[in-house]
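See below for the structure under consideration.
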Amino acid sequence: MTATSAVVLKDAPRRLRTTRIRGARPGFWVYAGLAVVLVASLFPLYFSFLIGSGDSSTLRDPARSWIPGGNFIANALSVVNDPAVNFWRALWNSVWSSTVIAVSIVVFSTLAGWAFAKLRFRGGKVLLSFVVATMAVPQQLGVVPLYILFGEIGWTGQIGAIIIPALTSAFGVFWMTQYLQQAVPDELIEAARMDGASMIRTFWTVGVTAARPAAAMLFLFTFVTAWNNFFWPFIVLDRQNPTLPVALSLLQSNYFVDYSIVLAGVVLATLPLLLLFAVAGKQLVSGIMAGAVKG
């Protein structure tokens, strides 16, 4: 073997690694696809802001400008100051109910997921299968019995009527079970038990620490779902104590619907979610990526 051949063979792995790294970089079509997805995702919000910044004729104007007008603040104040909407009461109800539901589902799902994933007890697999099977039951089947129940105990029109039925989630239990099965090795639990830690202490120090990314993702997903929920709150709540989606639906209850005001209210209802994702977006991405890698 000559000296030149030796140098070539020595540099071959380096060139191979460089080629692989360059080949792994996203190309033009990847960025183009991401740009299309981004525009498609932002367009509904931008269109709502566009119409919400105009007047009552903006939506029906075929020659309307795609540059937002200057009436958004006035339309937003019309929504906030409308006595029929009761905006601030509805905003507080949405924040309170969504937070309580999200925290409750995260706590109960983490506890149940730990039990199903790391504890051995009779009937565990059957019970988990039953919990997962309940996701196939439509929500509409329980509306009439729930309404009769809350009517008998005098909870119709109360915010607790939308919180109590949503304190647990079959999806949350399944999500945390799948995550904890892969994220926490059995050897780590055995080591903690050998050191004298109780099962509760092991869950708190090992399980909760490992479950944080998945719990953050579950919290955000549940919060958004509870925030946007319209069907059951519209049935069980009244106009004096609504959530934000129910309150915004009252803007369309007249014979004439001013869509500039309606869509201004939609943008106002979306702003808290955008703020939440801006603050906790890093945890959301890490939770999704952790679940994808572990799964």
Side-chain angles (χ1 to χ4, degrees), residues 41 44-45 48 76 79-80 82 85-113 134-135 138-140 142-143 146-147 149-150 155-176 208 211-251 262-288 291:
S41 301
L45 180 61
S48 299
V79 175
V80 172
D82 191 339
V85 174
N86 202 358
F87 180 83
W88 296 114
R89 178 68 177 179
L91 178 62
W92 166 250
N93 285 340
S94 291
V95 171
W96 169 248
S97 61
S98 300
T99 303
V100 172
I101 291 172
V103 170
S104 173
I105 286 179
V106 168
V107 171
F108 288 122
S109 297
T110 305
L111 287 168
T134 59
M135 292 192 300
Q139 178 188 6
Q140 291 79 0
V143 167
L146 278 177
Y147 188 84
L149 174 62
F150 288 121
W155 276 24
T156 54
Q158 303 297 321
I159 199 66
I162 66 173
I163 294 178
I164 298 300
L167 290 180
T168 59
S169 168
F171 171 78
V173 173
F174 175 74
W175 167 262
M176 296 306 298
V208 173
R212 283 179 183 175
M217 186 271 175
L218 181 62
F219 177 87
L220 291 174
F221 179 82
T222 305
F223 187 93
V224 172
T225 302
W227 182 276
N228 294 326
N229 189 19
F230 174 78
F231 181 68
W232 173 241
F234 180 76
I235 294 175
V236 76
L237 299 180
D238 51 33
R239 294 191 174 190
Q240 287 70 38
N241 196 32
T243 56
L244 205 52
V246 176
L248 293 179
S249 69
L250 301 177
L251 294 171
V262 172
L263 292 179
V266 171
V267 174
L268 289 179
T270 309
L271 289 179
L273 296 181
L274 295 178
L275 179 62
L276 177 64
F277 275 89
V279 173
K282 183 178 180 180
Q283 288 293 330
L284 174 63
V285 173
S286 64
I288 295 175

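FYI, side chains are in, hydrogens and waters are out, and symmetry mates aren't considered; it's all heavy atoms of this structure.
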Kindly list each side-chain donor-acceptor pair under 3.5 angstrom involving residues 155-169, sequence neighbours excluded, with atom names and distances?
from   : atom 1 : to     : atom 2 : distance (Å)
Ser169 : OG     : Phe171 : N      : 3.4
Ser169 : OG     : Gly172 : N      : 3.2

- Task: Would you mind telling me which of Val79, Leu248, Leu251 makes a side chain to side chain contact (heavy atoms under 4.5 Å, CB included) with Val262?
- Result: Leu251
- Checking Val80, Asn86, Val85 against Asp82 for side chain to side chain contact (heavy atoms under 4.5 Å, CB included), the one that qualifies is Val85
- Item | Closest heavy-atom pair and its distance - Met176, Ala214 | SD-CB, 4.0 Å
- Message: Can you tell me how far apart OH (Tyr147) and CD1 (Ile235) are? Round to the nearest 0.5 Å.
- Response: 9.0 Å
Return all side-chain donor-acceptor pairs below 3.5 angstrom for residues 87-95, not counting sequence neighbours, or 'none' if the list is empty.
from  : atom 1 : to     : atom 2 : distance (Å)
Arg89 : NE     : Asn241 : OD1    : 3.0
Arg89 : NH2    : Asn241 : OD1    : 3.2
Asn93 : ND2    : Arg89  : O      : 3.4
Asn93 : ND2    : Asn241 : OD1    : 2.8
Asn93 : ND2    : Pro242 : O      : 2.8
Ser94 : OG     : Ala90  : O      : 3.2
Ser94 : OG     : Leu244 : N      : 2.7

- Sequence neighbours excluded, which residues qualify as side chain to side chain contact (heavy atoms under 4.5 Å, CB included) partners of Phe234? Phe230, Val246, Ser249
- Could you go through the side-chain contact (heavy atoms from CB on, under 4.5 Å) check for Ile101 and Ile105 one step at a time? CA-CA 6 Å; Ile101 291 172; Ile105 286 179; 3.8 Å; yes
- Who are the side chain to side chain contact (heavy atoms under 4.5 Å, CB included) partners of Gln140, not counting sequence neighbours? Pro138, Phe231
- Note on the structure: Residues passing the ring-ring contact (aromatic ring centres under 6.0 Å, His included) test with Phe108, sequence neighbours excluded, are none
Throw together a table of side-chain donor-acceptor distances under 3.5 angstrom for residues 215-226, partners on residues two or more places apart or in other chains.
from   : atom 1 : to     : atom 2 : distance (Å)
Thr222 : OG1    : Leu218 : O      : 2.7
Thr225 : OG1    : Phe221 : O      : 2.9

- Query: Hey, mind stepping through Leu45 and Leu274 against side-chain contact (heavy atoms from CB on, under 4.5 Å) and telling me if it holds?
  - Reply: CA-CA 11 Å; Leu45 180 61; Leu274 295 178; 3.7 Å; yes
